[in-house]
Each structure stands twice: as C-alpha cells, then as structure tokens.
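Values below: all heavy atoms of this structure, side chains included; hydrogens, waters and symmetry mates excluded. What you see is a predicted model, and the numbers here were worked out from it, not measured in a lab.
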Amino acid sequence: MLANKPHGAIYVGSARNLRNRLKQHQAGMPGSHTAKYNIKTLVYFECHDVALDAIHREHRLKRWKRAWKDRLIEEFNPAWEDMSHFIPFD
C-alpha cells in the first residue's frame with residue numbers, strides 16, 4: 001500500500017518486483033491515480049511466494065473498508081513512515 005500522507009489518499013496494488021514498481025510510482029506515471037494524488041510512500045507491504053496468492057490478497061484488500069486498511073497499516077507502521085528500506089532482496 002502506498003500513501004501520500006497519514007490517512008490521506010492510498011493505493012493498493014501487487015507486483016512481482018516491488019522495488020521496480022515503487023520506482024515507477026515515484027516517477028509519476030502521467031494520468032495515474034498515484035500521480036494525481038502524489039502517492040509515493042510505501043506504508044505497508046506483504047510478501048507472498050505464489051503470485052496468485054498476492055493477486056488474491058490485493059483484490060481482497062481493495063474491497064476492504066477504508067478504516068480496515070488504515071488499521072492494517074497502523075498495526076505495522078503506526079507513523080505511516082516509508083517502509084521501502086524493509087523490502088527484502090531477492
């Protein structure tokens with residue numbers, strides 16, 4: 001999950017290579033949701049060994065209420081700080 005500020009606009013997505021995908025979002029793809037709302041901070045992520053599991057999780061999270069997403073983020077990242085330095089290397 002990416003955010004522009006605590007409790008601000010968020011983006012939920014999945015990627016095979018999180019580092020590369022994060023760089024794309026931070027570069028600001030014109031016309032995208034992340035560019036429009038300046039969403040560039042990685043505030044929460046999960047690792048999955050099976051791509052299909054990650055895609056299913058993404059779809060479930062997108063259907064969650066906003067309060068549930070906020071609670072999930074705050075459980076692991078109470079200050080909504082950038083977590084990109086915690087992305088494991090392959």
Original post:
Do the side chains of V12 and L2 get nearer than 4.5 Å, heavy atoms only?
Top reply: no

Subject >> Side-chain donor/acceptor of R19 to backbone N/O of I87, under 3.5 Å >> reply: yes

Subject >> Residue pairs involving residues 50-61 (criterion salt bridge (charged side-chain N to carboxylate O under 4.0 Å, His left out); sequence neighbours excluded) >> reply: E46-R57, E58-K62

Original post:
Rounded to the nearest 0.5 Å, how far does OG of S84 lie from NZ of K40?
Top reply: 13.5 Å

Original post:
Closest approach of A79 and P6, non-hydrogen atoms and distance?
Top reply: O-CG, 4.3 Å

Original post:
Which pairs with one or both residues in residues 38-57 pass ring-ring contact (aromatic ring centres under 6.0 Å, His included), sequence neighbours excluded?
Top reply: Y44-F76

**OP:** Would you check if V43 and M83 make a side-chain contact, meaning some heavy-atom pair closer than 4.5 Å?
**Re:** no

**OP:** Would you mind reporting whether Y11 and H25 have side-chain heavy atoms less than 4.5 Å apart?
**Re:** yes

**OP:** Would you indicate whether the side-chain heavy atoms of T41 and E81 approach each other to under 4.5 Å?
**Re:** no

Subject >> Hydrophobic cluster membership, L22 vs F86, 4.5 Å side-chain cutoff >> reply: yes

**OP:** Identify the two heavy atoms, one from K69 and one from I10, that lie closest to each other, and give their separation to 0.1 Å.
**Re:** CD-CD1, 3.6 Å

**OP:** Kindly indicate whether the side chain of W80, heavy atoms from C-beta on, has any atom under 4.5 Å from the side chain of D70.
**Re:** yes

Original post:
Would you call H7 and E74 a side-chain contact if the rule is heavy atoms closer than 4.5 Å?
Top reply: yes

**OP:** Output, in order, the C-alpha distance, side-chain angles, deciding distance and verdict of side-chain contact (heavy atoms from CB on, under 4.5 Å) for K5 and N38.
**Re:** CA-CA 9 Å; K5 62 183 178 181; N38 197 33; over 6 Å; no

Subject >> R66 versus G8, closest heavy-atom pair with distance >> reply: NH2-O, 2.6 Å

Original post:
Can you tell if the side chain of W68 reaches within under 4.5 Å of the side chain of L61, non-hydrogen atoms only?
Top reply: no

Original post:
Can you name the side chain to side chain contact (heavy atoms under 4.5 Å, CB included) partners of A9, sequence neighbours left out?
Top reply: N4, Y37, I39

